[in-house]
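Only this structure's heavy atoms are used, side chains among them; waters, hydrogens and symmetry mates stay out. These numbers come from a predicted model, not from an experiment.
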Amino acid sequence: MDCPYCSYPHSRVIDSRDANDSIRRRRQCLSCGARFTTYERLQPANLFVIKKDRRREEFSRDKLLSGIRKACEKRPLPTGTMDKLVDDIEAELYHLGKQEILSTVVGDMVMERLKRLDYIAYIRFASVYREFADITDLKQEVDTLLSAEASQPAGQLSLLPNEQPRLAKSHRRRRK
Ligand SMILES: [Zn+2]
């Protein structure tokens, strides 16, 4: 488990206790000294993900989390947002009650949530996941987002930081 503050891979366990169906561990980063908490849990059943090339791979919460982390890097999201997102997706996957799930199903679940959370993170994730062929594809996705934002301005962070004042102003005007 990498340190959430400096990404250093090693930490020491300060405290460890049972918490319902998981083990809660208080850790301290061996590099920057920050303290954080991890939860170790039993996977209810083996769940396999079928990749686009038909390869079968065991579902990995860590892998999912690290993909989402990369997309959300340096975005102003509240602490715990990414873990919560992964928890939600994991719960939904197990709730499906299937042993095999297409990777596209998992990817769509992530996209759907990131879109509501943060456009930049969404675009970053989409560009890896959808493998945008060129800048035109990317622009198309951004245009779609922008027109969605124009019709539904509340609650989402602005996509383009430079445009924030103008967008913010127009939002305020609309709300009055
Ligand atoms: Zn650290």
Side-chain angles (χ1 to χ4, degrees), residues 1-32 34-132 141 144-145 148 152 155-157 159:
M1 173 82 201
D2 295 349
C3 171
Y5 303 95
C6 73
S7 299
Y8 190 71
H10 304 293
S11 60
R12 72 186 179 96
V13 175
I14 306 167
D15 181 46
S16 177
R17 65 183 65 180
D18 281 343
N20 297 327
D21 55 347
S22 60
I23 301 168
R24 178 185 184 277
R25 291 190 209 282
R26 195 74 187 134
R27 293 172 182 274
Q28 183 166 31
C29 172
L30 291 179
S31 172
C32 75
R35 295 182 175 201
F36 55 98
T37 306
T38 58
Y39 292 87
E40 197 175 283
R41 65 193 76 210
L42 274 176
Q43 275 190 10
N46 285 351
L47 182 65
F48 287 90
V49 176
I50 314 289
K51 318 278 280 184
K52 279 179 197 153
D53 60 9
R54 309 302 301 161
R55 265 185 310 125
R56 234 163 138 264
E57 199 173 80
E58 198 164 344
F59 171 74
S60 157
R61 181 193 158 84
D62 289 345
K63 214 168 162 183
L64 183 60
L65 183 59
S66 93
I68 291 173
R69 267 225 183 90
K70 247 174 245 162
C72 295
E73 203 170 19
K74 303 217 167 97
R75 296 302 300 153
L77 297 172
T79 315
T81 303
M82 288 170 259
D83 284 292
K84 167 90 172 55
L85 207 147
V86 174
D87 282 345
D88 283 356
I89 292 170
E90 197 179 18
E92 195 174 326
L93 287 174
Y94 283 114
H95 190 75
L96 292 175
K98 289 182 183 166
Q99 280 194 305
E100 293 184 343
I101 282 170
L102 292 173
S103 64
T104 51
V105 172
V106 183
D108 289 346
M109 283 181 181
V110 178
M111 302 265 284
E112 186 195 307
R113 284 165 175 79
L114 284 182
K115 200 175 198 167
R116 277 178 300 193
L117 199 64
D118 184 89
Y119 284 158
I120 298 288
Y122 169 78
I123 286 292
R124 282 186 192 148
F125 188 87
S127 67
V128 174
Y129 168 65
R130 284 217 189 129
E131 297 164 350
F132 288 147
E141 191 67 41
T144 311
L145 279 175
Q152 221 180 5
Q156 179 59 264
L157 297 165
L159 183 62

For the atom pair CG (Asp2) and OG (Ser31), what is the distance rounded to the nearest 0.5 Å? 11.5 Å
I need the Ile101 CD1 to Leu93 CG distance, nearest 0.5 Å. 4.5 Å
Can you tell me how far OG of Ser7 sits from CD of Glu73, rounded to the nearest 0.5 angstrom? 7.0 Å
Side chain proximity check, Phe48 to Gln99, heavy atoms < 4.5 angstrom: no
How close do Phe125 and Gly67 get, counting heavy atoms only, and between which atoms? CD1-O, 4.3 Å
For the pair Arg26 and Arg35, evaluate side-chain contact (heavy atoms from CB on, under 4.5 Å) and give the outcome as yes or no after the intermediate values. CA-CA 7 Å; Arg26 195 74 187 134; Arg35 295 182 175 201; 3.5 Å; yes
Does Leu114 reach the side chain of Cys72, with side-chain heavy atoms less than 4.5 Å apart? yes
Please report the shortest heavy-atom distance between Leu30 and Ser11, naming the atom on each side. CG-CA, 4.0 Å
Restricting to non-hydrogen atoms, name the atom on Ile89 and the atom on Met109 that form the minimum distance, rounded to 0.1 Å. CG2-SD, 3.9 Å
Under-4.0 Å salt bridge between Arg55 and Asp53: yes
Check whether any side-chain heavy atom of Asp18 lies under 4.5 Å from a side-chain heavy atom of Ile23, and answer yes or no. yes
Look at atom NZ of Lys52 and say whether more than 12 heavy atoms of other residues, nucleotides or ligands are closer to it than 6.0 Å. yes
Is the closest side-chain heavy-atom distance between Val128 and Arg124 below 4.5 Å? no
To the nearest 0.5 Å, atom CZ of Arg116 lies from atom CG of Leu85 at 9.0 Å
Quick one: ring pair (Phe, Tyr, Trp, His ring centres under 6.0 Å) pairs with a partner in residues 8-31, sequence neighbours left out? Tyr8-His10
Supply the atom-to-atom distance Leu47 CG to Arg61 CZ, rounded to the nearest 0.5 angstrom. 13.5 Å
Side-chain contact test, heavy atoms from C-beta onward, threshold under 4.5 Å: evaluate it for Glu90 versus Leu64 and give yes or no. no
Working to the nearest 0.5 angstrom, can you tell me the gap between Met82 CE and Leu65 CG? 7.5 Å
